[in-house]
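Reading through the C-alpha coordinates given below for one structure.
For ligands, and for the atoms within them, numbers begin at 1 and follow the listed sequence. Reckoned from all heavy atoms, side chains included, excluding hydrogens, waters and symmetry mates.
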Amino acid sequence: MAASTAARILGIETSCDETAAAVVADGRDILASVVLSQVPVHAFYGGVVPELASREHLRAIVPVVRQALAEAAIALDAVDAIAVTRGPGLAGALLVGLTYAKALALGASKPLLGVHHLEGHLYAVLLEQRHQHLPDPPLPAIALVVSGGHTLLCRVDLDPQHPEQLRVDSWGHTRDDAAGEAFDKVAKLLGLGYPGGPLLDRLAPQGDAEAVSFGRIRLKGNPLDFSFSGLKTAVLRHLETHGMEASVAARRQAVSQLGRAPTLDEWRALCDPPTLDLIASFQAAVVRDLTERALAAVERTFSGTEPPVRSLWVTGGVAANRRLRAELRAAAGRVGLPVYWPALRLCTDNAAMIAAAAYPHFVRQTWSSAGLTAEPQWPLGSANQI
Ligand code: KG4
Ligand code: ZN
(Lines give C-alpha, C1' and ligand atoms only; values in the text may rest on other atoms or scores of the structure.)
(Ligands and ions follow the chains in the order given, each with its own letter.)
Protein backbone atom coordinates (compact mmCIF):
# COMPACT_ATOMS: atom_id res chain seq x y z
CA MET A 1 0.00 0.00 0.00
CA ALA A 2 1.43 3.43 -0.86
CA ALA A 3 2.35 5.55 2.14
CA SER A 4 -0.30 8.13 1.29
CA THR A 5 -3.10 5.57 1.54
CA ALA A 6 -1.83 3.81 4.66
CA ALA A 7 -4.07 4.06 7.72
CA ARG A 8 -2.18 6.17 10.24
CA ILE A 9 -3.31 5.68 13.81
CA LEU A 10 -2.25 7.98 16.62
CA GLY A 11 -1.90 5.87 19.78
CA ILE A 12 -2.00 7.29 23.31
CA GLU A 13 -1.02 5.35 26.46
CA THR A 14 -1.22 6.61 30.06
CA SER A 15 -2.28 3.53 32.06
CA CYS A 16 0.59 3.60 34.57
CA ASP A 17 3.76 5.67 34.82
CA GLU A 18 4.70 6.23 31.18
CA THR A 19 3.16 8.99 29.10
CA ALA A 20 3.37 7.70 25.54
CA ALA A 21 2.19 8.60 22.05
CA ALA A 22 2.95 6.97 18.72
CA VAL A 23 1.93 6.98 15.09
CA VAL A 24 1.71 3.57 13.41
CA ALA A 25 0.77 2.97 9.77
CA ASP A 26 -1.38 -0.05 8.92
CA GLY A 27 -0.61 -1.68 12.26
CA ARG A 28 2.96 -2.40 11.14
CA ASP A 29 5.15 0.63 10.43
CA ILE A 30 6.15 2.67 13.46
CA LEU A 31 6.41 6.25 12.17
CA ALA A 32 7.04 7.65 15.66
CA SER A 33 6.99 6.35 19.23
CA VAL A 34 7.59 8.71 22.13
CA VAL A 35 7.72 7.45 25.72
CA LEU A 36 8.21 9.76 28.66
CA SER A 37 9.04 7.74 31.76
CA GLN A 38 8.06 9.03 35.19
CA VAL A 39 10.61 6.81 36.94
CA PRO A 40 12.56 9.76 38.40
CA VAL A 41 9.32 11.06 39.99
CA HIS A 42 8.36 7.75 41.62
CA ALA A 43 11.87 6.48 42.45
CA PHE A 44 11.98 8.44 45.69
CA TYR A 45 8.90 6.52 46.94
CA GLY A 46 10.12 3.12 45.71
CA GLY A 47 6.96 2.55 43.63
CA VAL A 48 4.33 4.28 41.52
CA VAL A 49 2.28 6.85 43.45
CA PRO A 50 -1.08 7.08 41.60
CA GLU A 51 -1.75 10.77 42.35
CA LEU A 52 1.71 11.76 41.14
CA ALA A 53 1.27 9.64 38.02
CA SER A 54 -1.96 11.50 37.06
CA ARG A 55 -0.32 14.86 37.66
CA GLU A 56 2.71 13.97 35.55
CA HIS A 57 0.50 12.66 32.73
CA LEU A 58 -1.38 15.98 32.77
CA ARG A 59 1.89 17.83 32.39
CA ALA A 60 3.28 15.59 29.68
CA ILE A 61 0.39 14.52 27.49
CA VAL A 62 0.25 17.55 25.18
CA PRO A 63 4.01 17.80 24.48
CA VAL A 64 4.36 14.02 24.09
CA VAL A 65 1.54 13.83 21.50
CA ARG A 66 2.94 16.87 19.69
CA GLN A 67 6.38 15.29 19.60
CA ALA A 68 5.00 12.03 18.17
CA LEU A 69 3.18 13.91 15.39
CA ALA A 70 6.31 15.97 14.68
CA GLU A 71 8.53 12.87 14.53
CA ALA A 72 6.05 11.17 12.20
CA ALA A 73 6.03 14.43 10.18
CA ILE A 74 2.26 14.59 9.96
CA ALA A 75 -0.38 16.99 11.16
CA LEU A 76 -3.28 15.81 13.31
CA ASP A 77 -5.49 16.31 10.24
CA ALA A 78 -3.59 13.57 8.42
CA VAL A 79 -4.21 11.00 11.17
CA ASP A 80 -6.94 8.47 10.33
CA ALA A 81 -7.98 7.48 13.87
CA ILE A 82 -7.04 8.03 17.50
CA ALA A 83 -6.46 4.97 19.70
CA VAL A 84 -6.20 5.17 23.46
CA THR A 85 -5.70 2.76 26.34
CA ARG A 86 -9.04 2.36 28.06
CA GLY A 87 -7.85 -0.04 30.78
CA PRO A 88 -6.78 -1.84 32.84
CA GLY A 89 -4.59 0.57 34.81
CA LEU A 90 -4.65 3.38 37.34
CA ALA A 91 -8.02 5.15 37.14
CA GLY A 92 -6.72 8.71 37.29
CA ALA A 93 -3.85 7.99 34.91
CA LEU A 94 -6.15 6.34 32.36
CA LEU A 95 -8.55 9.28 32.53
CA VAL A 96 -5.88 11.76 31.45
CA GLY A 97 -5.12 9.89 28.22
CA LEU A 98 -8.73 8.99 27.56
CA THR A 99 -10.05 12.51 28.06
CA TYR A 100 -7.34 14.00 25.89
CA ALA A 101 -7.89 11.41 23.15
CA LYS A 102 -11.61 12.08 23.19
CA ALA A 103 -11.08 15.84 22.95
CA LEU A 104 -8.64 15.39 20.04
CA ALA A 105 -11.03 13.03 18.25
CA LEU A 106 -13.96 15.35 18.72
CA GLY A 107 -12.04 18.49 17.78
CA ALA A 108 -10.43 16.99 14.67
CA SER A 109 -13.43 14.80 13.68
CA LYS A 110 -11.46 11.57 13.89
CA PRO A 111 -12.76 8.14 14.90
CA LEU A 112 -11.84 7.00 18.43
CA LEU A 113 -10.70 3.47 19.36
CA GLY A 114 -10.48 2.30 22.98
CA VAL A 115 -7.81 -0.38 23.46
CA HIS A 116 -7.16 -3.01 26.13
CA HIS A 117 -3.66 -2.46 27.55
CA LEU A 118 -2.84 -6.18 27.69
CA GLU A 119 -4.00 -6.68 24.11
CA GLY A 120 -1.52 -3.92 23.34
CA HIS A 121 1.30 -5.95 24.95
CA LEU A 122 0.31 -8.94 22.80
CA TYR A 123 0.14 -6.91 19.58
CA ALA A 124 3.65 -5.66 20.42
CA VAL A 125 4.91 -9.13 19.50
CA LEU A 126 3.26 -8.93 16.06
CA LEU A 127 4.32 -5.31 15.61
CA GLU A 128 7.96 -6.22 16.25
CA GLN A 129 7.89 -8.82 13.47
CA ARG A 130 5.87 -6.73 11.03
CA HIS A 131 7.86 -3.56 11.56
CA GLN A 132 10.98 -5.53 10.63
CA HIS A 133 9.26 -7.14 7.62
CA LEU A 134 9.58 -10.57 9.24
CA PRO A 135 6.87 -13.25 9.11
CA ASP A 136 4.25 -13.33 11.87
CA PRO A 137 4.98 -15.87 14.62
CA PRO A 138 3.20 -19.17 13.97
CA LEU A 139 -0.18 -19.38 15.71
CA PRO A 140 -1.75 -20.50 17.95
CA ALA A 141 0.65 -19.38 20.66
CA ILE A 142 0.96 -19.27 24.43
CA ALA A 143 1.79 -15.75 25.58
CA LEU A 144 3.33 -14.77 28.91
CA VAL A 145 2.76 -11.11 29.76
CA VAL A 146 5.06 -10.09 32.61
CA SER A 147 5.23 -6.47 33.68
CA GLY A 148 5.14 -4.30 36.77
CA GLY A 149 1.34 -4.40 36.81
CA HIS A 150 0.44 -7.75 35.26
CA THR A 151 1.40 -11.40 35.10
CA LEU A 152 -0.72 -13.31 32.68
CA LEU A 153 -0.68 -16.53 30.68
CA CYS A 154 -2.98 -16.73 27.69
CA ARG A 155 -3.61 -18.61 24.51
CA VAL A 156 -3.51 -16.44 21.41
CA ASP A 157 -4.88 -17.25 17.98
CA LEU A 158 -6.38 -15.48 15.01
CA ASP A 159 -10.05 -14.74 15.43
CA PRO A 160 -11.77 -17.10 12.95
CA GLN A 161 -14.38 -14.46 12.14
CA HIS A 162 -11.94 -11.56 11.85
CA PRO A 163 -8.57 -13.01 10.85
CA GLU A 164 -6.80 -9.63 11.11
CA GLN A 165 -7.56 -9.69 14.82
CA LEU A 166 -6.15 -11.77 17.69
CA ARG A 167 -8.43 -13.90 19.82
CA VAL A 168 -7.14 -14.12 23.35
CA ASP A 169 -8.16 -16.65 26.01
CA SER A 170 -6.82 -15.91 29.45
CA TRP A 171 -5.59 -19.10 31.17
CA GLY A 172 -3.94 -17.79 34.31
CA HIS A 173 -2.95 -14.62 36.11
CA THR A 174 -1.34 -13.47 39.33
CA ARG A 175 -3.41 -13.61 42.49
CA ASP A 176 -1.33 -10.95 44.23
CA ASP A 177 1.88 -9.25 43.10
CA ALA A 178 2.87 -9.04 39.45
CA ALA A 179 6.31 -10.46 38.58
CA GLY A 180 7.83 -7.00 38.04
CA GLU A 181 6.23 -5.77 41.25
CA ALA A 182 7.91 -8.67 43.10
CA PHE A 183 11.31 -7.64 41.67
CA ASP A 184 10.66 -4.02 42.66
CA LYS A 185 9.48 -4.85 46.19
CA VAL A 186 12.40 -7.18 46.89
CA ALA A 187 14.82 -4.55 45.59
CA LYS A 188 13.22 -2.07 47.99
CA LEU A 189 13.56 -4.53 50.90
CA LEU A 190 17.25 -4.86 50.06
CA GLY A 191 17.82 -1.10 49.94
CA LEU A 192 18.34 -1.11 46.18
CA GLY A 193 16.92 1.41 43.71
CA TYR A 194 13.63 1.67 41.83
CA PRO A 195 12.61 0.06 39.53
CA GLY A 196 14.43 -2.94 40.96
CA GLY A 197 14.03 -5.44 38.11
CA PRO A 198 16.80 -4.20 35.82
CA LEU A 199 19.24 -3.83 38.73
CA LEU A 200 18.52 -7.29 40.18
CA ASP A 201 18.97 -8.73 36.66
CA ARG A 202 22.43 -7.12 36.44
CA LEU A 203 23.53 -8.00 39.99
CA ALA A 204 22.25 -11.61 40.04
CA PRO A 205 25.13 -13.12 37.99
CA GLN A 206 27.49 -12.03 40.83
CA GLY A 207 25.69 -14.29 43.33
CA ASP A 208 25.05 -18.01 43.74
CA ALA A 209 21.50 -18.86 42.62
CA GLU A 210 21.62 -22.11 44.63
CA ALA A 211 22.65 -20.42 47.88
CA VAL A 212 19.14 -19.81 49.25
CA SER A 213 16.54 -22.48 48.66
CA PHE A 214 13.08 -20.91 48.28
CA GLY A 215 11.24 -24.05 47.19
CA ARG A 216 8.51 -24.10 44.60
CA ILE A 217 5.53 -21.74 44.77
CA ARG A 218 2.51 -23.93 45.50
CA LEU A 219 -1.03 -22.86 44.67
CA LYS A 220 -4.41 -24.46 45.12
CA GLY A 221 -6.74 -24.40 42.12
CA ASN A 222 -5.63 -23.27 38.67
CA PRO A 223 -1.99 -24.41 38.17
CA LEU A 224 -1.50 -21.64 35.59
CA ASP A 225 -2.10 -18.87 38.13
CA PHE A 226 0.81 -17.10 39.83
CA SER A 227 1.54 -15.80 43.31
CA PHE A 228 4.70 -13.92 44.26
CA SER A 229 3.82 -12.33 47.58
CA GLY A 230 4.92 -15.41 49.58
CA LEU A 231 8.34 -15.27 47.93
CA LYS A 232 8.68 -11.62 48.87
CA THR A 233 7.86 -12.54 52.51
CA ALA A 234 10.41 -15.37 52.36
CA VAL A 235 13.08 -12.85 51.31
CA LEU A 236 12.12 -10.64 54.25
CA ARG A 237 12.33 -13.62 56.66
CA HIS A 238 15.74 -14.55 55.25
CA LEU A 239 17.00 -11.00 55.85
CA GLU A 240 15.74 -11.11 59.45
CA THR A 241 16.95 -14.60 60.31
CA HIS A 242 20.39 -14.12 58.75
CA GLY A 243 21.18 -10.81 60.43
CA MET A 244 21.25 -8.90 57.15
CA GLU A 245 19.31 -5.81 58.28
CA ALA A 246 22.47 -3.93 59.23
CA SER A 247 23.91 -4.33 55.75
CA VAL A 248 20.62 -3.09 54.21
CA ALA A 249 20.65 -0.03 56.51
CA ALA A 250 24.31 0.67 55.65
CA ARG A 251 23.51 0.48 51.93
CA ARG A 252 20.55 2.88 52.29
CA GLN A 253 22.75 5.31 54.17
CA ALA A 254 25.56 5.09 51.60
CA VAL A 255 23.11 5.78 48.76
CA SER A 256 21.56 8.76 50.53
CA GLN A 257 25.03 10.19 51.20
CA LEU A 258 25.92 9.76 47.55
CA GLY A 259 22.99 12.03 46.64
CA ARG A 260 22.53 10.44 43.21
CA ALA A 261 21.72 7.04 41.75
CA PRO A 262 24.76 4.75 42.10
CA THR A 263 26.34 3.26 38.99
CA LEU A 264 26.19 -0.50 38.50
CA ASP A 265 29.75 -0.88 39.80
CA GLU A 266 28.88 1.19 42.86
CA TRP A 267 25.80 -0.95 43.54
CA ARG A 268 27.97 -4.05 43.20
CA ALA A 269 30.44 -2.67 45.72
CA LEU A 270 27.57 -1.88 48.10
CA CYS A 271 26.34 -5.50 48.07
CA ASP A 272 28.10 -8.11 50.20
CA PRO A 273 28.22 -11.78 49.05
CA PRO A 274 25.16 -12.89 51.10
CA THR A 275 23.10 -10.09 49.49
CA LEU A 276 24.25 -11.07 46.00
CA ASP A 277 23.43 -14.73 46.76
CA LEU A 278 19.96 -13.70 47.95
CA ILE A 279 19.37 -11.64 44.78
CA ALA A 280 20.49 -14.50 42.54
CA SER A 281 18.37 -17.05 44.41
CA PHE A 282 15.27 -14.83 44.38
CA GLN A 283 15.58 -14.17 40.66
CA ALA A 284 16.09 -17.87 39.99
CA ALA A 285 12.91 -18.69 41.95
CA VAL A 286 10.80 -16.17 39.99
CA VAL A 287 12.24 -17.27 36.65
CA ARG A 288 11.74 -20.96 37.42
CA ASP A 289 8.12 -20.35 38.38
CA LEU A 290 7.37 -18.28 35.24
CA THR A 291 9.11 -20.82 33.01
CA GLU A 292 7.44 -23.88 34.53
CA ARG A 293 3.94 -22.41 34.35
CA ALA A 294 4.43 -21.15 30.79
CA LEU A 295 5.61 -24.60 29.73
CA ALA A 296 2.70 -26.22 31.59
CA ALA A 297 0.36 -24.06 29.48
CA VAL A 298 2.17 -25.14 26.31
CA GLU A 299 2.00 -28.81 27.30
CA ARG A 300 -1.69 -28.55 28.06
CA THR A 301 -2.25 -27.85 24.35
CA PHE A 302 -0.14 -30.89 23.39
CA SER A 303 -2.44 -33.27 25.21
CA GLY A 304 -5.82 -31.55 24.87
CA THR A 305 -8.39 -31.47 22.12
CA GLU A 306 -7.35 -28.07 20.82
CA PRO A 307 -4.56 -27.73 18.23
CA PRO A 308 -1.05 -27.69 19.77
CA VAL A 309 0.50 -24.26 20.03
CA ARG A 310 3.30 -23.36 17.61
CA SER A 311 5.11 -20.55 19.40
CA LEU A 312 5.70 -19.01 22.81
CA TRP A 313 5.47 -15.22 23.22
CA VAL A 314 6.92 -13.22 26.09
CA THR A 315 6.23 -9.53 26.55
CA GLY A 316 6.07 -6.80 29.22
CA GLY A 317 8.96 -5.15 31.08
CA VAL A 318 10.15 -8.35 32.83
CA ALA A 319 10.63 -9.98 29.40
CA ALA A 320 13.90 -8.01 29.37
CA ASN A 321 15.25 -10.28 32.14
CA ARG A 322 18.23 -12.18 30.80
CA ARG A 323 17.82 -15.27 32.95
CA LEU A 324 14.13 -15.48 32.00
CA ARG A 325 15.02 -15.24 28.33
CA ALA A 326 17.67 -17.96 28.61
CA GLU A 327 15.48 -20.37 30.60
CA LEU A 328 12.39 -19.89 28.45
CA ARG A 329 14.39 -20.34 25.27
CA ALA A 330 15.93 -23.54 26.63
CA ALA A 331 12.63 -24.94 27.93
CA ALA A 332 10.69 -24.06 24.77
CA GLY A 333 13.52 -25.45 22.66
CA ARG A 334 13.16 -28.81 24.42
CA VAL A 335 9.57 -29.06 23.10
CA GLY A 336 10.50 -27.62 19.71
CA LEU A 337 8.84 -24.21 20.06
CA PRO A 338 10.29 -20.88 18.91
CA VAL A 339 10.12 -18.00 21.41
CA TYR A 340 9.23 -14.43 20.36
CA TRP A 341 10.09 -11.25 22.29
CA PRO A 342 9.55 -7.71 21.17
CA ALA A 343 12.58 -5.41 21.41
CA LEU A 344 12.80 -3.65 24.77
CA ARG A 345 11.17 -0.42 23.52
CA LEU A 346 8.07 -2.47 22.59
CA CYS A 347 8.23 -4.78 25.66
CA THR A 348 7.82 -1.95 28.14
CA ASP A 349 4.79 0.35 28.08
CA ASN A 350 4.53 2.30 24.84
CA ALA A 351 1.83 3.70 22.56
CA ALA A 352 2.93 1.98 19.33
CA MET A 353 1.47 -1.28 20.67
CA ILE A 354 -1.80 0.55 21.40
CA ALA A 355 -2.00 1.89 17.84
CA ALA A 356 -1.19 -1.60 16.50
CA ALA A 357 -3.87 -3.26 18.65
CA ALA A 358 -6.41 -0.70 17.39
CA TYR A 359 -5.70 -1.41 13.72
CA PRO A 360 -8.01 -4.47 13.39
CA HIS A 361 -10.82 -2.37 14.86
CA PHE A 362 -9.96 0.37 12.37
CA VAL A 363 -10.23 -2.13 9.50
CA ARG A 364 -13.65 -3.24 10.72
CA GLN A 365 -14.62 0.34 11.58
CA THR A 366 -15.76 -0.69 15.05
CA TRP A 367 -15.41 2.79 16.54
CA SER A 368 -15.76 3.62 20.20
CA SER A 369 -18.41 6.09 21.22
CA ALA A 370 -17.70 9.58 22.51
CA GLY A 371 -18.98 8.30 25.88
CA LEU A 372 -16.11 5.77 26.19
CA THR A 373 -15.26 5.23 29.86
CA ALA A 374 -11.99 4.26 31.54
CA GLU A 375 -11.98 0.65 32.79
CA PRO A 376 -9.32 0.31 35.51
CA GLN A 377 -10.21 -3.39 36.10
CA TRP A 378 -11.07 -4.40 32.53
CA PRO A 379 -10.90 -8.23 32.16
CA LEU A 380 -9.07 -9.44 29.08
CA GLY A 381 -11.86 -11.69 27.80
CA SER A 382 -14.10 -8.73 27.00
CA ALA A 383 -11.35 -6.89 25.14
CA ASN A 384 -13.10 -6.92 21.80
CA GLN A 385 -16.08 -5.02 23.09
CA ILE A 386 -14.75 -1.55 22.67
O1 KG4 B 1 5.96 -3.18 31.14
P2 KG4 B 1 6.56 -2.20 32.10
O3 KG4 B 1 7.46 -1.13 31.55
O4 KG4 B 1 5.48 -1.41 32.88
C5 KG4 B 1 4.33 -1.97 33.41
O6 KG4 B 1 3.35 -2.15 32.66
O7 KG4 B 1 4.39 -2.28 34.59
O8 KG4 B 1 7.33 -3.07 33.19
C9 KG4 B 1 8.06 -2.49 34.24
C10 KG4 B 1 8.46 -3.61 35.18
C11 KG4 B 1 9.10 -3.11 36.45
O12 KG4 B 1 8.51 -3.80 37.54
C13 KG4 B 1 10.57 -3.51 36.28
O14 KG4 B 1 11.23 -3.76 37.50
C15 KG4 B 1 10.46 -4.75 35.45
O16 KG4 B 1 9.41 -4.48 34.53
N17 KG4 B 1 11.69 -5.02 34.71
C18 KG4 B 1 12.49 -6.09 34.93
C19 KG4 B 1 13.59 -5.97 34.05
N20 KG4 B 1 13.41 -4.81 33.32
C21 KG4 B 1 12.25 -4.25 33.74
N22 KG4 B 1 12.35 -7.12 35.76
C23 KG4 B 1 13.32 -8.05 35.76
N24 KG4 B 1 14.41 -8.00 34.95
C25 KG4 B 1 14.58 -6.98 34.09
N26 KG4 B 1 15.65 -6.94 33.29
ZN1 ZN C 1 2.03 -2.63 30.58
### Message
Using a 3.5 Å cut-off on N or O atoms only, is Pro195 in polar contact with ligand 1?
### Response
no
Distance-only criterion, 3.5 Å: show the donor-acceptor pairs between side-chain atoms of residues 249-257 and protein atoms not counting sequence neighbours.
residue	atom	partner	partner atom	Å
Arg251	NE	Leu190	O	2.8
Arg251	NH1	Leu270	O	3.0
Arg251	NH2	Leu190	O	2.7
Arg252	NH2	Lys188	O	2.8
Ser256	OG	Gln253	O	3.1

### Under 2.8 Å from the Zn ion (ligand 2), the protein N, O or S atoms, given as residue and atom
His117 NE2, His121 NE2, Asp349 OD1
#### Entry: Exercise: do Asp176 and Ser227 side chains pair donor with acceptor under 3.5 Å
yes
### Message
So Leu153 and His173, do their side chains get closer than 4.5 Å, heavy atoms only?
### Response
no
## Note on the structure
min-distance protein heavy atom vs atom 9 (C) of ligand 1 -> Gly148 N, 3.8 Å
### Task
State plainly whether the residues Lys110 and Asp80 are in salt-bridge range, i.e. N to O under 4.0 Å.
no
### Task
Please confirm whether Asn321 comes within less than 3.5 Å of ligand 1 when only nitrogen or oxygen atoms on both sides are compared.
yes
#### Entry: For Gly149, the ligand 1 atoms whose distance to one of its heavy atoms is below 4.0 Å
7 (O)
### Query
Any idea how Tyr359 and Phe362 line up, ring-wise: parallel (<30°), tilted (30 to 60°), or perpendicular (>60°)?
parallel
### Query
Do His116 and Arg86 have a side chain donor and acceptor closer than 3.5 Å?
no
### Task
May I ask you to check whether Asp184 has an N/O atom sitting below 3.5 Å from an N/O atom of ligand 1?
yes
### Salt bridge flag under 4.0 Å for residues Arg260 and Glu266
yes
#### Entry: Atoms of ligand 1, numbered as shown, that sit under 4.0 Å from any heavy atom of Gly197
14 (O), 18 (C), 19 (C), 22 (N), 23 (C), 24 (N), 25 (C)
### Query
Strictly by modelled atom types, are Asp17 and His57 linked by a side-chain donor-acceptor pair under 3.5 Å?
no
## Note on the structure
shortest atom 15 (C) of ligand 1-to-protein heavy-atom contact is with Val318 CG2, 3.9 Å
### Query
Can you tell which part of Asp201 has a heavy atom less than 4.0 Å from ligand 1: side chain, backbone, both or neither?
side chain
### Task
Could you go through the salt bridge (Lys or Arg N to Asp or Glu O under 4.0 Å) check for Glu306 and Arg300 one step at a time?
CA-CA 9 Å; Glu306 292 181 60; Arg300 182 184 278 189; over 6 Å; no
### Query
Which of the atoms in ligand 1, numbered in the order shown and given with their element, are less than 4.0 Å from a heavy-atom of Gly180?
12 (O)
### Task
Among all protein heavy atoms, pick out the one at the shortest distance from atom 3 (O) of ligand 1; state its residue, atom name and that distance to 0.1 Å.
Thr348 CB, 3.3 Å
### Query
For ligand 1, which atoms have a heavy atom of Gly317 less than 4.0 angstrom away?
1 (O), 2 (P), 8 (O), 16 (O), 17 (N), 18 (C), 19 (C), 20 (N), 21 (C)
### Query
Could you state the interatomic distance from OG1 (Thr19) to CD (Gln38), rounded to the nearest 0.5 Å?
4.5 Å
### Message
Side chain, backbone, both or neither: which applies to Asp349 and ligand 1 if a contact is any heavy-atom pair less than 4.0 Å apart?
### Response
both
### Aromatic ring proximity Phe44/Tyr194, centre distance under 6.0 Å
no
#### Entry: Shortest non-hydrogen contact between Ser147 and Ala178, atoms and distance
O-CB, 3.5 Å
